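Keep in mind it's a predicted model, so treat the numbers as computed, not measured. Quick note: numbers below take in every heavy atom, side chains included, and nothing from hydrogens, waters or symmetry partners.
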Amino acid sequence: VQLQASGGGLVQPGGSLRLSCAASGSIFSIQSMGWYRQAPGKQRESVASITRSGITNYADSVKGRFTISRDNANNTVYLQMNSLKPEDTAVYYCYATKAIPYWGQGTQVTVSS
């Protein structure tokens, strides 16, 4: 499984960004997809996940601000990020799970004025 993430960038506090992650290759039986992030000097943390049936889970720090969605037909997962804060600054990594997790390359999100 190959994962291609896109959509990161620089945004002011309070702004929005939408991340996308497209899966290709051996995509049969992909179950959960989602996003982790890693800020400088911090451990990687889970941001949001979504199952094939659409059950979502969010980190407390992003609830009410981020929305994860999934297009099963196109094997793509999205992360809509609103009301961004400087503490959301991190490299965001998408993943997909089958028997093992697969990771995409990171995309940088910087929230700064």
Side-chain angles (χ1 to χ4, degrees):
V1 177
Q2 293 80 47
L3 298 170
Q4 181 67 45
S6 60
L10 172 64
V11 64
Q12 292 186 341
S16 298
L17 282 175
R18 188 193 195 206
L19 305 183
S20 300
C21 179
S24 61
S26 182
I27 59 177
F28 181 74
S29 294
I30 287 178
Q31 296 302 314
S32 292
M33 299 183 75
W35 298 87
Y36 272 68
R37 67 185 180 186
Q38 187 165 21
K42 295 187 177 180
Q43 290 188 328
R44 189 175 295 193
E45 63 172 349
S46 176
V47 177
S49 64
I50 185 168
T51 67
R52 189 168 185 85
S53 60
I55 298 171
T56 58
N57 190 51
Y58 296 93
D60 287 342
S61 59
V62 307
K63 283 180 181 177
R65 301 188 298 121
F66 291 11
T67 302
I68 190 169
S69 60
R70 180 170 173 174
D71 182 346
N72 287 330
N74 292 304
N75 298 295
T76 301
V77 64
Y78 304 95
L79 186 67
Q80 178 66 43
M81 304 186 294
N82 299 328
S83 302
L84 282 161
K85 304 175 181 180
E87 50 263 43
D88 294 318
T89 296
V91 178
Y92 285 69
Y93 299 89
C94 66
Y95 70 89
T97 58
K98 295 175 62 173
I100 60 173
Y102 296 84
W103 294 93
Q105 89 289 1
T107 185
Q108 177 71 46
V109 171
T110 302
V111 185
S112 175
S113 55

Next item on the list: For K63, check salt bridge (Lys or Arg N to Asp or Glu O under 4.0 Å) against everything at least two apart and list the hits.
Entry: D60
Next item on the list: If a pair satisfies side chain to side chain donor-acceptor pair (under 3.5 Å) and one of its residues is in residues 46-55, list it, with sequence neighbours excluded.
Entry: T51-S53
Item checked: Pair listing, disulfide (SG to SG under 2.5 Å) test, anchored in residues 26-83, at least two apart -> none
Next item on the list: Check for a donor-acceptor pair, side chain of S32 on one end and backbone N or O of T97 on the other, with a separation under 3.5 Å.
Entry: no
Next item on the list: Please round to the nearest 0.5 Å and tell me the distance separating atom CH2 of W35 and atom OH of Y58.
Entry: 13.0 Å
Check: Counting heavy atoms not belonging to Q43, are there more than 12 under 6.0 Å from its CD?
Finding: no
Notebook entry, point to check: Does the side chain of Y78 reach to within under 4.5 Å of the side chain of T67, using non-hydrogen atoms?
Noted result: no
Next item on the list: Could you list the residues that satisfy side chain to side chain donor-acceptor pair (under 3.5 Å) with Q31, not counting sequence neighbours?
Entry: none
Note to self: To the closest 0.5 Å, what do you measure between CG (L84) and OG1 (T110)?
What the structure shows: 10.5 Å
Check: Excluding sequence neighbours, so at least two apart, what forms side chain to side chain donor-acceptor pair (under 3.5 Å) with S24?
Finding: none
Check: Distance-only, no hydrogens or angles: does the T89 side chain make a donor-acceptor pair with backbone N or O of V111 under 3.5 Å?
Finding: yes
Item checked: Over all atoms of both residues, closest heavy-atom pair of L3 and A96 -> CD1-N, 3.6 Å
Check: Can you list the residues that meet the side chain to side chain donor-acceptor pair (under 3.5 Å) rule with K85, with sequence neighbours excluded?
Finding: none
Next item on the list: Identify the heavy atoms of S69 and V77 that sit nearest to each other, and give their distance.
Entry: O-CG2, 3.2 Å
Check: Of all residues at least two apart in sequence or in a different chain, which pass the side chain to side chain donor-acceptor pair (under 3.5 Å) check with E45?
Finding: R37
Item checked: Spacing of CZ belonging to R18 relative to CE belonging to M81, to within rounding of 0.5 Å -> 11.5 Å
Check: What pairs meet the disulfide (SG to SG under 2.5 Å) rule with one or both residues in residues 72-113, with sequence neighbours excluded?
Finding: C21-C94
Item checked: Remaining members of the apolar cluster that contains W103, side-chain heavy atoms under 4.5 Å -> Y36, V91, Y93, Y95
Notebook entry, point to check: Do I55 and I68 sit in the same hydrophobic cluster, where Ile, Leu, Val, Met, Phe, Trp and Tyr count as joined when their side-chain heavy atoms come under 4.5 Å apart?
Noted result: no
Next item on the list: With sequence neighbours excluded, give me every salt bridge (charged side-chain N to carboxylate O under 4.0 Å, His left out) pair touching residues 98-113.
Entry: none
Just distance, no hydrogens or angles: give the donor-acceptor pairs under 3.5 Å from side chains in residues 4-17, sequence neighbours left out.
| from | atom 1 | to | atom 2 | distance (Å) |
| --- | --- | --- | --- | --- |
| S16 | OG | N82 | OD1 | 2.9 |

Checklist line | Listed partners of R65 passing salt bridge (Lys or Arg N to Asp or Glu O under 4.0 Å), at least two apart | finding: D88
Check: When rounded to the nearest 0.5 angstrom, what distance separates CG in L19 from CZ in F66?
Finding: 8.0 Å
Check: What is the distance from atom CG of L79 to atom CE of M33, rounded to the nearest 0.5 Å?
Finding: 12.0 Å
